[in-house]
Amino acid sequence: MPIDFKKIEKKWQKRWEKSKIFEANPKKKKKFFMTVPYPYASGPLHVGHGRTSTNGDIYTRFMRMKGLNVLWPMAFHITGTPVLGISDLIRKQDQETIQLFKEYVSLHIKERKKVEVLVESFGNPWNVANFFAGTMISDFRSLGFSIDWRRKFTTGDKEYASFIQWQFRKLKEKGYIIQGAYPILFCVNCNNAVGEDDIKGGDVIKPEVGEYTLVKFKLEESYLPAATLRPETIFGTTNLWINPEKIYVKAKVDNEIWIISERAAEKLKKQGKKVKILESFPGHKLVGKYVSVPTINREVIILPADFVDVNESSGIVYSVPAHAPWDWIGLKVLKENSDYLVKYRIDPYIVKKIEPISIIKLENYGEFPAIEECEKLGIKNLEDKEKIDLATETIYKEEFYNGILKENCENYNGLKVAEAKERIVDELKNINAGDKFYEVIAKEKPVKCKCNEDVIVAVLQDQWFIDYGNEGWKEKVRQHLKKMEIVPEIYRKQFEDVVEWLHERPCARKRGIGTELPFEKGWIIESLSDSTIYMALYTVIHIIKNNEIKPEQLKDEVWNYIFLGEGDSEKIEKVSGIKSDILKKMRREFEYWYPNDHRHTAIGHISNHLIFFIFNHLAIFPSKHWPRKITLNEYVINEGRKMSKSFGNVIPSVEASTKYGADLYRLHASNAVNLQTTLDWREKDILTIRKGLENFFSLVSSYRQKKKEQRLDDISKWLYSKFNRIIDECTKNLENFRIRNYVQKSFFELMSLVLRYRKRENKKSLEKYVLNDIFKTWIKLLAPVIPHVCEELWWLFGQKGFVSLEKWPKPNKKLINKKVEELEEILNNTKEDLAHIIKLAGKKKIAYIYVTTDKELDYFKETLEHLKKQFGFKKVFVFKSSDPKRYDPQGKTSKAKYGKPGIYLE
RNA sequence: GCAGGGGUAGCCAAGUCUGGUUAAAGGCGCAAGGUUCAGAGCCUUGUGGCUUAGUGCCUUCGUGGGUUCAAAUCCCACUCCCUGCACCA
């Protein structure tokens, strides 16, 4: 008869909830404050969240049983932009999204009509967020997590906004909030920043912001700025390229006159330049004129080129045929095309005279790497675009890493390209011949916004940042990180590296849902910046809500008092209207629970959330309230494939708990692999474990009757010894957050030991007594990982109360008996040998076993019957090798060759 | 490109820090035997090669070198895979 685990689970989940055993309040006891980051509520909880939370829950339950006062709260993250994207798609009737969300909603709502109404309401992003924030609670509950739900909130709550604004004012006070220029992808039509979700095919082409150097070539009183990624090549400039048939403008840019393409003028405006267009004209008006190359003051001619794209950068290109394949092919083609030149009134002789200028020495290449590479690839003309791009990429890489600048590069002679580059940019800037230009970089161009406008790069002049580059702050983090526990240790290096490369992070945006920036209207605090110290809020949020404190009462003085102990509660009562004793109560509760002792999450959070979590705690709180420990686990993938919405293979956790049951899920999620290994979710594996769980349940429940105490025989002593050893090992494994090792020992290893014992023990009454006794402790040992099954068994064993609240078993070291374990090992080896010999030599009737010590002799004598039965011997004799009578115990078996320790068969 | 992690028998996965007890845990798969009307399930055994009355030898832990009496484990180089690189939670 199959065991109805689901029924058992529901039953205990209800009882836990009803008896409020996981609701934690300050007590005289030692506290333990565990957190797992709140999930983002844009869909149902999935098995990946489940894995992380299961690990957290196992540890939390362990600590609770160890006698600590444990708090594990949970909340929901709803601020940010992803829900906006979902709402947009639903409003636009995107069928795929609607279908997906109908499926998600159906996980909790069965009526079709209701589902449809709900999904339609998702046109409003708040509805998406609030719906999933609600259902996630039941998702969590159905996996049996021991969470204190009184303290739940969402990041969209008014109280939360007040708290976050307080945090940001604090950061600003300390000088950690700065404002400055910041380049972003931008759509002129939407007049807004565009993220991956706003760009056509954004998830595939992954556009980035590229920073080019503008090299300004002087032409009379004006400048022609050419954009380049390779400013070091200016020494090899032979000419400029201008598209003769496209429109260029003369414009006042800040205080200078620039000549650029029409499109470039627009972009520069968005990139923070003051641009006033003075006149426009076709490019051929410039052709034939001479400009001066900065730093070397060489005069070079402006030549016409149809391949110049005026939508790209400034629309002006300087030509370095020795090192740039496009320039070389352009020049080559032009030399062969006098008609074209004549059309633009250029003397073909002048162009014929232009020769590439080699400026970079490159091993394995001759004087002109670009020419060589073009010849190697068989590039004939400008139509071979792909090949020219490929050649460009090759040469760029080779020269950047291996190229050395030649003597015609003035002060840069002998320098590596990689080194020279920055110095040249500096020099150009110093002599007012250099500037910056941002351009979109992507595999496919142009990059289009979903509104069909080309995406450009704009520079926000007044972007707000959190200044994680602040050296003093960083140093504090470095020092504290050394004191923090990171488990598994292999991830520590990554934390350290992130601290180093982290710099200013934009912390507010102009759209999305969330908390408004307190210092400037129209900015919403971004969702990774609004979730760094919120664990503090857990300690008091239930008091705020229960006492019906209004969000507007939560003034800075209140937060300062609760979290920093500043001010006087009586005075703050007057300012806020919150009763002094409630303020005191909140302060006490915060002081009791803080710091956050342990935070567990998935590794993806290291480079952002977790590091921000550390930074912000160090900025806001005194050192006694800084985080202590972070543990991590890898992700979950589904049958070898990454889980993602676009593959449609995300497994909601409710699906897992409904299909397999919570305990089975927990057992598998914690046992399948180590923390630092990706868990491949394969149905086959789970079904295998199911059998084990069922066996465990029926085995243990069949020994529920308590029996009278009896004297132990050796094999029982052996089981007690092994059992206590395992308790000890499990405790150590859990203390060190080696969850998998704990599960393997406590569940699988013990299971096989118990089965072995049952085969070996002949006295049924003793077996019943021993197993009843051991199982009662075993249930406690397994309660953290499979709590529902254990509660049920605990109850079946006639025990009162919840096993979840029992004391964690202590190993009885006196019962750990090495001798008896060794003897059992010898016996076991003997059995293996016997089996092997019998297999090779055929069945025999009599076995002679010679042992060395009295202890062994006794032990084997006890097991004679067992051996006889197992191998079908008529007789089994055990002798001590040194016993003079060994040859002839019954007057028949004396043989000279026998007697050495070992086994002999007849 | 930069940074971090990893490559272990048919598959998944321990072991690597602290070198020898490791032909290398455990699981899956496969094979044989048992239980069974049959299947499922469960139990036992086997699962690199050769060999043997419980043994011994050879080859093996991405590839190639090195250190050592001894290397899956330490060092170097190469190679392949995964993750992160910021406005995306």
Side-chain angles (χ1 to χ4, degrees), chain A residues 37-43 77-83 85 155 182-185 193-197 202-203 206 208-209 396-397 400-401 418 460 463-466 468 488-498 500-512 524-531 602-609 611-612 632 634-635 637 640 642 668 671-674 676-680 682 684-685 687-689 691-692 694-695 740-741 744-745 748-749 752 755 759 829-842 844 847 870 902-906:
Chain A
Y38 46 33
Y40 195 83
S42 63
H77 201 191
I78 67 171
T79 42
T81 51
V83 279
T155 56
Y182 188 66
I184 46 161
L185 295 177
V194 286
E196 206 178 283
D197 297 335
D203 50 337
K206 303 258 181 205
E208 289 173 48
V209 173
Y396 181 90
K397 258 191 204 161
F400 184 79
Y401 293 104
L460 291 181
Q463 172 68 50
W464 292 93
F465 297 91
I466 298 181
Y468 293 120
E489 256 298 313
I490 53 162
Y491 296 119
R492 179 180 294 279
K493 184 89 177 71
Q494 206 174 328
F495 276 90
E496 289 167 355
D497 288 347
V498 173
E500 296 315 314
W501 63 249
L502 204 66
H503 51 84
E504 313 82 36
R505 180 188 169 86
C507 61
R509 336 172 66 192
K510 297 253 175 169
R511 61 203 197 106
I524 303 295
I525 293 170
E526 169 273 334
S527 56
L528 277 170
S529 301
D530 81 355
S531 56
I603 52 164
H605 288 137
I606 297 174
S607 61
N608 44 58
H609 167 70
I611 212 82
F612 299 159
L632 300 139
E634 257 276 0
Y635 288 116
I637 60 172
K642 198 173 159 176
H668 181 60
N671 164 69
V673 289
N674 266 340
Q676 64 263 38
T677 305
T678 307
L679 170 57
D680 191 357
R682 282 173 306 200
K684 202 182 68 184
D685 295 349
L687 297 180
T688 309
I689 292 202
K691 203 74 214 166
E694 282 169 3
N695 291 345
R740 181 185 196 237
N741 298 30
Q744 288 203 326
K745 292 263 172 211
F748 295 95
E749 201 173 312
S752 77
L755 293 179
K759 275 191 209 152
N829 291 342
T830 308
K831 276 162 71 179
E832 270 174 35
D833 288 351
L834 280 168
H836 202 149
I837 302 169
I838 287 168
K839 197 184 160 206
L840 292 166
K844 304 276 176 172
Q870 177 154 5
I903 305 159
Y904 306 90
L905 301 185
E906 275 185 358

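Computed from heavy atoms alone, side chains included, the values below leave out hydrogens, waters and symmetry copies. Chain letters run A, B, ... following the sequence lines, proteins first and then strands; every chain starts at 1.
Using a 4.0 Å heavy-atom distance criterion, A:L502 is classed as a base contact. No engagement by A:S531 is indicated, since no non-hydrogen atom pair under 4.0 Å with the nucleic acid exists. Contact annotation for A:N674: backbone-only contact, meaning every heavy-atom pair under 4.0 Å involves sugar-phosphate atoms and none involves a base. At the heavy-atom level, A:K759 lies under 4.0 Å from the strands shown only through sugar-phosphate atoms. Nucleic acid contact class of A:H77 (heavy atoms, under 4.0 Å, all strands): sugar-phosphate only. At a threshold of 4.0 angstrom between heavy atoms, the contacts of A:D497 are confined to the sugar-phosphate backbone, with no base atom among them. Among the heavy atoms of the strands lying under 4.0 Å from A:R505 is at least one base atom, whether or not backbone atoms are also near.
The phosphate of B:G27 has neither OP1 nor OP2 within less than 4.0 Å of any side-chain N or O from A:R682. Between A:K493 and the phosphate of B:G4, there is a side-chain N or O to OP1/OP2 separation shorter than 4.0 Å. When the side-chain nitrogen and oxygen atoms of A:T677 are compared with OP1 and OP2 of B:A14, one or more of them lie within a distance under 4.0 Å.
Checked against B:A13, B:A25, B:U83, the side chain of A:K642 finds its nearest nucleotide in B:U83. Among B:A25, B:G41, B:G84, the nucleotide with an atom closest to any side-chain atom of A:Q744 is B:A25. When each of B:C88, B:A13, B:A25 is scored by its nearest atom to the side-chain atoms of A:P82, the top-ranked nucleotide is B:C88.
A donor-acceptor contact shorter than 3.5 Å links the side chain of A:Q463 to the backbone of A:A508. Side chain of A:H77 to main chain of A:S527: a donor-acceptor pair is present (N/O by atom type, distance under 3.5 Å, no hydrogens or angles). In terms of modelled atom types and a separation under 3.5 Å, the side chain of A:Y40 and the main chain of A:T79 share a donor-acceptor contact.
Rounded to an integer number of Å, the gap from CD1 of A:I524 to C1' of B:C88 is 17 Å. Counting to the nearest Å, the P atom of B:C88 and the NE2 atom of A:H605 are 16 Å from each other. Between the CD1 atom of A:I637 and the P atom of B:C81 there is a distance of 16 Å, rounded to whole Å.
In this structure, B:G84 and B:C2 make a Watson-Crick or G-U wobble pair, each of the two defining distances being under 3.5 angstrom. Summarising the base pairing, B:G39 is matched to no nucleotide, lacking a Watson-Crick or G-U wobble pair whose two defining distances lie under 3.5 Å. In a base pair of the Watson-Crick type (N1 to N3 plus N6-O4 or O6-N4) or a G-U wobble (N1-O2 and O6-N3), with each distance short of 3.5 Å, B:C61 is matched with no nucleotide.
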Worked verdict on A:L632 versus A:I606 for side chain to side chain contact (heavy atoms under 4.5 Å, CB included)
CA-CA 9 Å; A:L632 300 139; A:I606 297 174; 3.9 Å; yes
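At a threshold of 4.0 Å, the pair A:E489-A:R492 counts as salt-bridged, since one of the basic side-chain nitrogens sits closer than that to a carboxylate oxygen.
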